[in-house]
Structures are given as structure tokens and as C-alpha cells.
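Working notes for the structure below.
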Amino acid sequence: MRTNLYFRRVAVIGAGMTPFKRRYLETPQELAWEASKTALEEAGLELRDVDCVVIGSAPDAFDGIHMKGEYLSHGSGGVRKPVSRVYVGGATGVMTVISAWYHVASGLCRKVLAVAEEKMSPGRPHPQAVFRYIWDPITEKPLNPNLIWIFAMEMHRYMYVNKVSKEEIALVSVKNKRNALANPYAQLGAEITVEDVLKSEVLVWPVQLLDVSPVSDGAAAMVLVEGDVARRYTDTPVWVEGVGWTLDNTSWPNRELAYPRYLENAARMAYKMAGIERPQKEIDVVEPYDPFDYKELHHLEGLMLAKRGEAPSLLKEGFFDKDGEIPSSPSGGLLGVGNPIAAAGLMKTISIYWQLKGTGGRMQVKKPVHTGVAQAWGDLMQASTVVVMRN
Amino acid sequence: MKKVGVIGVGWFGFSPHIHDHSFREMMFEASQRAYHDANVNPREDVDAFISCQEDFWEGISISDEFAPDPVGGSMRPAMTVAGDGLQGVAHGVMMINSGVADVVVVEAHAKPSDVLSFSKVVELAMDPLYVRGANVNYHFIAGLDAVKFMERTGVTREDLAEVVVKNKASGLKTGRAPFASSLDKDYVESLETVVYPLSKADIAQPVDASIVVVVASEEVARKFNDAPVWITGISFATDSSNLELAELGRASYLALASKEAFKTSKLESPLKVDGIFVDDRYSYKELMHLEALGVQDVMGMLREGYFNPGSYLPVNPKGGHLAKGFPLEASGLSLLLDAVEYLREGEKKAIVASWRGVPTFTGAVAVMER
């Protein structure tokens with residue numbers, strides 16, 4: 001992978017979100033527009049100023065719309081403009097930012113609106129039904145696996161290899177739901193205990209109800225512009241300094257599930273571009289993707305912010321708390337804010353943007369922050385996307 | 001924009017029904033041919049992989065899961081553009097121009113023979129509140145579009161038949177045109193209309209195919225290929241995505257995309273190329289798209305035979321979709337493949353212009369030079 005030091009610098013100058021909740025009455029287009037409008041307002045831009053629109057949305061079947069990029073382009077203000085939709089399953093939200101970054105860094109566009117939307121609640125009888133069609137149609141689909149089964153396998157494997165207890169993992173859920181209480185966009189902020197997690201309904205052992213993020217609807221948007229443009233609109237741009245993405249092979253049953261090596265690859269790509277050599281020393285705040293509580297620990301290790309198997313003990317020591325060494329998911333993460341798949345990844349990036357801009361409000365971490373990382377994950381436990389930002 | 005070289009192309013299929021290969025096997029075959037053509041090792045020489053596909057065509061939720069393995073892209077930067085293959089090439093060009101990659105592989109495939117209810121899938125692309133409930137046959141939308149275009153420009157059914165005869169005959173020169181044939185214009189005109197003004201011969205058929213294109217930065221392209229085909233300008237655009245608000249009878253999406261692509265490639269006029277490869281999913285679309293590219297008096301030029309192979313401005317000299325069929329998201333790459341072959345045969349410059357089909361108003365344009 002080449003890292004070109006001469007690419008155009010790209011900055012974030014605005015972001016916006018809808019609150020994440022279940023069963024929005026608004027259409028996907030309306031949600032996308034609400035988020036886009038807020039982002040444009042913060043950036044001080046109007047729709048006509050935007051050169052290109054990049055849309056992120058994950059499985060089409062949630063919204064039940066074929067060619068969803070075309071459909072969402074209307075709500076995202078992408079009429080009569082270069083518009084494209086990108087996706088890598090759950091990792092789509094951060095990939096949307098990465099794609100918007102190369103739209104600007106390549107010189108094709110100067111001002112880009114990145115929009116991610118997902119409306120999971122129309123899925124009937126349950127959004128999980130959509131996940132019945134993610135498997136290999138010949139070798140796996142006939143077994144009718146459930147998505148939570150495979151995450152239970154991965155969680156179990158992570159616990160077994162690293163000798164981690166359920167109590168240690170439950171701490172992630174406790175931390176994130178507590179952090180979400182300070183987030184006005186959050187769906188499931190709560191003050192819960194480890195015991196609450198351990199007493200919650202078992203879905204597929206060892207996955208219990210409070211280990212899992214909720215079904216959500218929502219949209220998020222971000223404005224990315226070329227360096228010189230950024231200076232015209234704001235004194236406090238946040239720079240996108242590194243991007244990385246990787247897809248592992250499709251064959252998840254043959255993989256070592258205890259460690260996300262695809263994430264390590266993506267992180268190495270992003271860190272190299274951002275000039276980060278010692279991630280644990282140089283990164284101030286992180287938003288790892290946490291649709292399940294164990295995934296935050298898994299991803300902190302893949303991001304090389306903890307050694308393999310070390311994340312649970314660091315978490316226990318308060319290293320990843322909001323006032324810790326590297327605050328992790330100060331937004332409340334997917335466990336607390338909600339999980340409208342693609343929008344959740346963009347929410348993670350927006351959260352880092354707010355932290356670096358210093359506009360996190362009650363979410364703002366106590367220590368000064370200069371370098372932040374957002375990450376998302378998806379597909380058949382095979383995709384990861386990473387963005388490094390600096391103020 | 002720095003120019004980007006096409007250093008290899010590979011394809012597999014172009015049949016109404018590939019029964020002995022899965023979509024992944026088709027992708028593998030096409031990518032092997034492209035890598036052989038480009039003389040690259042995908043595990044070492046390629047920096048990023050792009051697959052262009054849509055879940056509903058695949059019958060798989062999150063279909064990009066299956067993208068990396070057949071093209072050799074696992075554990076590498078791989079992603080999906082939910083759009084036409086030519087849009088995927090634009091993303092590859094952006095990756096190269098932004099500096100994160102030197103060599104990018106763009107793949108797109110189609111297996112419509114696996115789709116049991118093609119028209120129902122298309123219907124799902126229509127707005128669920130305002131259009132879908134009307135149960136509109138998608139060819140009917142094309143018919144409305146055609147009528148508006150014909151009324152405005154004076155194009156007649158005879159002109160459309162001319163396009164059909166020209167393209168189906170041109171397809172006879174290639175090995176991947178299952179619908180190529182030598183037809184008589186009177187015969188085409190005598191066919192019963194499916195939806196006015198379109199007969200069965202005016203409507204291209206879907207085909208199974210996989211196409212892989214390897215693109216590289218200028219410096220690196222020359223390492224692999226002595227004479228790459230250069231992409232000197234590329235862009236894409238979406239007009240209104242809502243059918244009820246769309247402007248029928250014009251291809252504004254292609255006008256917008258071509259303006260940008262021509263600007264970057266410093267192409268003053270579409271008449272200054274040696275061939276145009278344009279989406280002709282419906283016969284009238286070829287003429288509408290030519291108009292959007294800036295060709296003046298399309299009807300007059302057609303009637304004078306300007307668009308025939310060997311003439312002043314050959315249009316779809318390798319048959320277009322009417323002869324080859326359209327492989328869904330690989331349709332743009334099918335036109336690009338034709339252009340690459342055409343330029344490799346000795347021509348200097350070509351335009352490729354794609355469309356995503358009904359009910360979209362999205363298109364992409366690339367200017368290619370040898």
C-alpha cells in the first residue's frame with residue numbers, strides 16, 4: 001500500500017445526526033435530510049455548495065428498497081450531482097467517510113456531503129430476518145443460522161482463548177450505557193450494573209440481552225472539504241489524517257475468531273498514513289464499533305490499543321473510561337446510542353469529530369484530545385474500516 | 001485529475017443463462033483473465049479492490065461479503081460501490097488520484113438468470129409510497145421516456161429500427177453478443193410493440209457475465225503494460241431519483257457527467273473521438289444519450305449513416321447492449337470493455353457512457369485514449 005504524502009488535505013467542518021430510536025415514522029429520505037441539513041448548517045454551507053454526495057447504507061432489505069443509493073440521493077440532496085453509494089456491511093458508516101475523503105483528496109470534489117442512513121425497524125417479523133440471507137447460499141443458508149449464533153461463537157472463542165469472564169465483558173455494557181446518558185441522541189442510555197447484564201435474558205449463550213445493541217432507525221451526516229476551503233468556513237477544522245479498510249475472506253468458520261486480524265491490517269494502513277507508530281501512546285480518544293460488548297474489547301485489541309487479551313484488564317483498571325487514559329466510546333457507543341447499522345459507524349466518526357472540536361458537551365472527555373480514531377466492523381465478521389482524525 | 005491507465009481487462013459469460021458457473025466462479029474466471037492480461041499478481045501488485053453490486057440482484061443481504069475471495073482481494077482493502085461498474089472505475093480513479101493506491105481492480109458481475117422475478121426486483125427500486133403501489137411495468141416507464149424524447153426531437157420508430165439493425169449487426173463481429181443478428185429494418189418495424197414505441201427488438205435482454213478491469217496510476221501502468229488505454233476524464237451524476245419529479249425525455253444525468261469528464265480530459269466536442277460506446281438498453285436511449293453527450297442533430301446524423309461502423313463517428317461499433325445484452329451492474333464495464341478492445345485495435349480516442357437502467361437517472365462517462 002502506497003502512502004502518498006502529497007494528497008490534498010481533507011477536513012471535517014460540520015456534522016449532524018437524528019436521534020437514534022426504534023420505529024421512526026419519517027421515511028429514510030426524511031431521516032437522511034434531517035441529518036444532512038444539520039450537518040450543512042454546522043458547516044455554514046447550503047446544499048448548492050456541495051459538489052458530491054457519498055451515501056452509506058448497509059443491507060438493502062432493512063429499508064426494503066432496491067438501489068437504495070438512488071432512493072436516498074433525494075433525501076441527501078444528491079440531485080443533479082455526482083452521487084454514489086458505498087457499503088461494506090456494518091463497516092459502511094466509516095467507509096462512507098473514507099470514500100468522501102478520497103472524493104476530496106483525489107481532487108474530483110472540493111466539498112462533499114457524507115450521509116449514512118438505516119431504518120431497521122420496518123424489517124418483519126424482526127430485522128434479524130434480513131440476516132437470514134447473509135450466508136453462503138449453498139453451504140450455509142440451508143442450515144438457517146441465526147446471526148447471534150455466530151457472534152456467540154466468536155464471543156465464546158474470545159473468552160476461551162484470552163481467559164476472560166462474562167463479568168469482565170459486561171463492564172463494557174455498563175460503561176457505554178452510562179456514557180450514553182450524556183448523549184442527547186442516545187436510545188438506550190442507562191445506569192446498569194454488571195449484575196443486570198448477567199441476569200438479562202440469555203439469547204444464545206454467552207450472549208445475553210444487555211450484551212447486545214438495540215434495533216434502531218437513524219441517520220448521520222458529515223461535511224468534508226478540501227484544506228483551503230475549510231479555513232474559509234471554520235477556525236477549528238478537524239483533519240482526516242489516515243484511512244484504512246480491509247476485508248477478510250468470506251469463509252468465517254475457518255478463521256481464528258479470537259482476534260480481528262483484518263482490523264489490524266486496516267488500522268496499520270490508517271496509522272501509517274497518519275504517521276502513528278505507537279498507537280497506545282499517540283491516540284487520545286477512540287470510538288471502536290461495539291454492537292456487542294465483547295466486540296469493543298476485540299476491536300481495542302485489533303486497533304493495537306491493547307495487547308491481545310489485555311483489553312479486559314485495562315478496562316477494569318479504568319484505562320478506557322471517560323476520564324481514563326484512552327476514553328473508549330465516550331458517546332455511549334452502539335450499546336448506548338443505538339445501532340442503525342451504517343448510521344452507527346458514521347455516528348462513531350462524528351463523535352470523534354465533536355471530541356476533537358471540543359463541542360462534545362456533556363460527552364466531552366476531561367483530558368485534552370488531539371488524535372482520535374473511529375472504527376466500524378461488519379460483513380461476515382470480516383470487514384473493518386478505520387479513520388484517524390486530528391485537530 | 002491525473003490520467004489512469006487500464007492495464008488489463010477480463011470477462012466471462014455474456015450468455016442469457018450460465019448454468020455451470022456460480023457468480024463467484026464467473027468472477028474468478030474473469031479476474032484470472034484480467035490478471036493475465038495485465039500481467040499482475042493480485043496478492044502482491046494490487047492495492048485495492050472494488051466490487052460493484054446490489055443486494056437484491058444477488059438475493060443476498062450484504063452481498064459484498066462474497067466480493068474479496070474470487071478476485072484475490074481478501075485481507076486487502078476491498079469495498080463495494082452499489083452502482084454501475086463505470087462508477088466503480090471512477091472510485092478506482094479517485095483512490096489512485098488520492099494517493100492510497102497505485103493499482104486498483106474493479107469487478108462487476110450479473111447473474112439475472114438466477115432472478116426469478118426480474119420485474120418485481122426492479123419494482124422494489126421505485127419509491128415505496130408514491131410509485132411502487134401503482135404496479136407500473138418498468139418498460140412502460142421507458143415507453144413514456146421514449147415518447148417524450150421522440151416528440152421533442154422528431155425521432156421516429158423507423159429511426160429506432162435503424163439503431164436496432166445497426167447494433168445487432170455490429171455485434172456479429174465479437175464473440176460475446178448472444179443477441180447479434182443480421183436484421184432487416186422492415187422486419188424490426190413490423191414487430192408487435194411491447195410498450196409503445198418499443199418492440200421486443202428495441203429492448204436489450206439481461207445476460208449473465210462478470211467483468212474485471214485493472215487500472216493503475218500513470219507511473220505504475222507503464223511497468224505492466226507498454227501501451228495502456230488511458231482514462232483521461234471520468235465522472236458520474238444522478239438526476240432526480242424520484243420518478244414523479246424526474247424530467248423524462250432527456251438524459252440530464254449523462255449531460256452533467258459528460259460535462260465534467262470532457263472538462264478534465266480537455267475534450268472539446270464528442271465529435272472529436274473515434275467511437276462512442278453508449279448505453280443502448282432501449283434503442284431510443286442510444287440517441288438520447290448521444291444528445292446528452294453533446295452530439296447535435298442526432299436524428300439527422302443517424303439518417304445520414306454517421307453512426308455506422310467505419311463512418312465518421314461510429315456508435316457502439318461492437319454492438320452495444322442490444323447485441324450483447326446488459327449484465328446489470330457490469331453494463332458500464334461491458335461498454336468499457338468494448339472501448340478498450342476498440343482502442344487496442346488501433347483507434348485513438350473513445351467515449352464510454354453508462355446508465356443504471358429504469359427507474360434510475362444515474363449515469364457515468366469516461367473519456368479513453370490510446
Side-chain angles (χ1 to χ4, degrees), chain A residues 1-8 27 58-61 64-71 73-74 78-89 95 99 101-103 105-108 130-131 133-134 136-138 243-251 261-262 265-266 269 273 378-380 382, chain B residues 1 22 47-49 54-57 59-62 64-69 73-83 87 90-91 93-102 121-125 127-129 235-242 245 252-253 256-257 260 356 359-362:
Chain A
M1 178 58 56
R2 184 164 73 111
T3 305
N4 184 347
L5 298 175
Y6 304 104
F7 57 70
R8 288 165 186 82
T27 64
D60 298 12
I65 294 165
H66 178 43
M67 295 178 164
K68 199 162 34 165
E70 257 67 20
Y71 170 77
S73 68
H74 209 78
V79 176
R80 298 182 66 80
K81 287 185 170 64
V83 182
S84 44
R85 175 182 160 218
V86 296
Y87 74 116
V88 272
M95 193 69 223
S99 184
W101 170 83
Y102 64 64
H103 272 66
S106 65
L108 184 85
V130 169
F131 292 120
Y133 299 94
I134 69 170
D136 184 306
I138 296 164
V243 299
W245 69 101
T246 297
L247 248 71
D248 202 341
N249 67 60
T250 317
S251 181
R261 60 187 190 125
Y262 47 89
N265 268 25
M269 178 179 168
M273 199 183 292
D379 284 352
L380 274 171
Q382 77 194 98
Chain B
M1 182 193 122
S22 70
D47 298 317
F49 298 80
E54 288 273 3
D55 282 5
F56 284 17
W57 290 134
I60 294 172
S61 273
I62 326 182
D64 70 285
E65 296 164 347
F66 299 90
D69 299 20
S74 64
M75 285 305 284
R76 312 293 294 282
M79 49 89 72
T80 292
V81 173
Q87 268 179 283
H91 278 250
V93 169
M94 284 191 274
M95 283 181 193
I96 290 169
N97 271 277
S98 67
V100 284
D102 270 323
V121 175
V122 178
E123 202 177 297
L124 289 170
D127 186 288
L129 296 179
S235 191
F236 50 93
T238 297
D239 197 1
S240 177
S241 59
N242 280 17
L245 301 174
S252 306
Y253 47 93
L256 290 164
E260 201 53 43
R356 284 200 82 196
T360 77
F361 297 89
T362 298

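Proteins come first, then strands; the chains are lettered A, B, ... in the order of their sequence lines, and each starts at number 1. Hydrogens, waters and symmetry mates play no part in the numbers below; they use all other heavy atoms, side chains included.
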Within the 4.5 Å heavy-atom criterion, are B/Pro128 and A/Ile65 side-chain neighbours or not? yes
Can any side-chain N or O of B/Asp55 pair as donor or acceptor with the backbone N or O of A/Pro59 at less than 3.5 Å? no
Of the non-hydrogen atoms in B/Phe66 and A/Pro137, which two are nearest, and what is the gap between them? CZ-CD, 4.4 Å
Residues at least two apart in sequence or cross-chain that pass ring-ring contact (aromatic ring centres under 6.0 Å, His included) with B/His91, listed by chain then number, are A/Tyr102, A/His103
Go through B/Tyr253, B/Phe49, B/Trp57 and name the one with the most non-hydrogen pairs under 4.5 angstrom from chain A. B/Trp57
Criterion side-chain contact (heavy atoms from CB on, under 4.5 Å) against B/Met79, the qualifying member of A/Leu247, A/Val88, A/Thr246: A/Val88
Side-chain (B/Glu54) to main-chain (A/His66) donor-acceptor, under 3.5 angstrom: no
Would you say the side chain of B/Asp127 lies within less than 4.5 Å of the side chain of A/His74, judging by non-hydrogen atoms? no
Top residue by heavy-atom pair count (under 4.5 Å) with chain A, among B/Val122, B/Val121, B/Ile62, B/Thr238? B/Thr238
Over all atoms of both residues, closest heavy-atom pair of A/Arg80 and B/Asp239: CG-OD1, 3.2 Å
Hey, what do you get for CG (A/Asn265) to CE (B/Met75), rounding to the nearest 0.5 Å? 4.0 Å
Would you mind telling me which of B/Ser240, B/Ala82, B/Ser235 has the largest number of heavy-atom pairs within less than 4.5 Å of chain A? B/Ala82
Working to the nearest 0.5 Å, report the span between CG of A/Asp379 and CG of B/Asp64. 4.0 Å
Could you look at B/Ile60 and say if it's the side chain, the backbone, both or neither that has a heavy atom under 4.5 Å from chain A? both
Pick one of side chain, backbone, both or neither for B/Met1, based on which atoms fall under 4.5 Å of a heavy atom in chain A. neither
Which atoms of A/Leu108 come close to chain B, meaning under 4.5 Å heavy atom to heavy atom: side chain ones, backbone ones, both, or neither? side chain
Heavy atoms only, distances under 4.5 angstrom: which of A/Ile134, A/Val83, A/Val86, A/Val130 has the most pairs with chain B? Name it, please. A/Ile134
So how far is it from B/Leu124 CG to A/Met67 CE, rounded to the nearest 0.5 Å? 11.0 Å
Can you tell me how far CH2 of A/Trp101 sits from CE of B/Met95, rounded to the nearest 0.5 angstrom? 9.5 Å
For A/Ser106 against B/Met94, the heavy-atom pair lying closest together: CB-O, 3.3 Å
Can you tell which part of B/Gln87 gets under 4.5 Å to a heavy atom of chain A, answering side chain, backbone, both or neither? side chain
Main chain of A/Phe131, side chain of B/Ser61: is a donor-acceptor contact present, judged purely on distance under 3.5 Å? no
Residues in ring-ring contact (aromatic ring centres under 6.0 Å, His included) contact with A/Trp245, at least two apart in sequence or another chain: none
What residue, out of A/Gly244, A/Ala266, A/Ser251, A/Ala61, has the most heavy-atom pairs lying under 4.5 Å from chain B? A/Ala61
With a 4.5 Å cut-off on side-chain heavy atoms, are B/Phe361 and A/Val79 touching? no
Check whether A/Glu70 gets within reach of chain B through its side chain, its backbone, both or neither, counting any heavy atom under 4.5 Å. both
Sub-3.5 Å donor-acceptor pair from the side chain of A/Asn249 to the main-chain atoms of B/Ser74, do we have one? no
Is it the side chain or the backbone of B/Phe236 that comes within 4.5 Å of chain A heavy atoms, both, or neither? both
